[in-house]
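Notes to accompany the following structure.
One-based numbering, in listed order, for ligands and for the atoms of each.
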Amino acid sequence: MSMKKNMLRGKDLISIDHLDRDIILSIFKTADKMKKIAPKKALNILKGKVVALLFFEPSTRTFSSNCAAVKRLGGQTIEHQNPTQTSSVVKGETIEDTIKMIEQYSDAIIIRHPAAGTAQICARAADIPIINAGDGIGEHPTQALLDMYTIYEKFKTLDRIKGLMVGDLLNGRTIHSLLKGLSIFKNSTIYLLSPKTLRLSKKDSAEFSRRGIKLIEINDFDDIPSDLHFWYWTRVQKERFSDKNEYEKLKLSFILDKNLVTKKAGKKTLLMHPLPRVGEIKTEVDSDPRAVYLTTQAKNGMYVRMALLKMILGA
Ligand code: CP
């Protein structure tokens, strides 16, 4: 095992910024191995380890794929979904105290929380590794890893990648983490398409440009180039709106349908979405071989999380 790999052992993962190019590529290499081995063989890499999942926001994929990852590695889980109603948080326990308690029973904590910055607060409170499974509009580093792995697996590189990001670019933590992740590699060009009020913030735009990503804002489907490596659709994030009428107005601003794929997607363009979708991708697109959101992209989440847990916790 290289020094770079060893650098993950016992560490938190709060932001994709905690990783560099070599570490990301070694996570992918380990994920490749997981993908080959795990369907055939039960592993005992996490035998005797307990991983706690604390999800203060709903989740289908991140929760289930992390649970599956721990179990497929031979470990066990403590699972709290909705701790605001089911744990002593309901009695007023602070997040720091909750984390300090869960730390007594487990070897790592995977946390999702509606407030940006909470994963970092937890990391300060705990001595065991904390993995950010999404903190409000902040970051979702393991989602970025699985998205990048899906692109890397197809094109064998993350340099000079050209992509399209569509939807709620202001509030989408998966967008923020994926842009950060791509900026660790060289010369990406990303086309951005969103309702005006949901554009990437000026601060984020300036930051990602400074990091070397060429950002090109477009206004409609006609401006999408035909040679992109990926399209990354996202939903408008209802839970981040105080005005629900505004959400209703914007939620279906950009719909991905078969007609658009036929007109604008390249032969190899990956059609991606972190999910859940709420109408912005028509189900008629699902059977297109380029559509990976319900299949490869989601499944890669489990293998990437297996790789990460092995590297952070494995013997
Ligand atoms: N992609 C993602 O984070 O999905 P969940 O909210 O279902 O975990």
Inset, instruction - Verify the neighbour count for atom NZ of K264: are there more than 12 heavy atoms of other residues, nucleotides or ligands below 6.0 Å? - result: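 Counting other residues, nucleotides and ligands, NZ of K264 exceeds 12 neighbours.
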Legend entry - N-O pairing of R173 and E239 below 4.0 Å: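 Salt bridge: no.
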Inset, instruction - Check each heavy atom of E57 against ligand 1 and say whether those closer than 4.0 Å belong to the side chain, the backbone, both or neither. - result: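 It is neither; nothing of E57 touches ligand 1.
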Inset, instruction - Give the contacting part of L275 toward ligand 1: side chain, backbone, both or neither, where contact means a heavy-atom distance below 4.0 Å. - result: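 Contact part for L275 vs ligand 1: backbone (N, CA, C, O).
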Legend entry - Parallel, tilted or perpendicular: ring planes of F63 versus F55, cut at 30 and 60 degrees: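 F63 and F55: perpendicular rings.
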Legend entry - Heavy-atom closest contact (F230 atom, M272 atom, distance):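 For F230 versus M272, the nearest heavy atoms are CB-SD, 3.9 Å.
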Legend entry - Distance-only polar pair, side chains of Q297 and T150, donor-acceptor under 3.5 Å: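 Their side chains do not contain a donor-acceptor pair, so the 3.5 Å distance test is not met.
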Inset, instruction - Provide the number and element of each atom of ligand 1 under 4.0 Å from a heavy atom of T60. - result: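 Heavy-atom distances to T60 below 4.0 Å select 5 (P), 7 (O), 8 (O).
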Legend entry - Interfacing atoms of ligand 1 (cut-off 4.0 Å, heavy-atom, Q143):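 Counting atoms of ligand 1 from 1, those under 4.0 Å from Q143 are 1 (N), 2 (C), 3 (O).
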Name the closest protein heavy atom to [atom], giving the residue it belongs to and the distance to 0.1 Å.
| atom | answer |
| --- | --- |
| atom 1 (N) of ligand 1 | P274 O, 2.8 Å |
| atom 4 (O) of ligand 1 | R61 NE, 3.0 Å |
| atom 6 (O) of ligand 1 | R112 NH1, 2.8 Å |

Inset, instruction - Go through the structure and list residues passing side chain to side chain donor-acceptor pair (under 3.5 Å) with T62, not counting sequence neighbours. - result: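 Side chain to side chain donor-acceptor pair (under 3.5 Å) check on T62 returns R112, H140.
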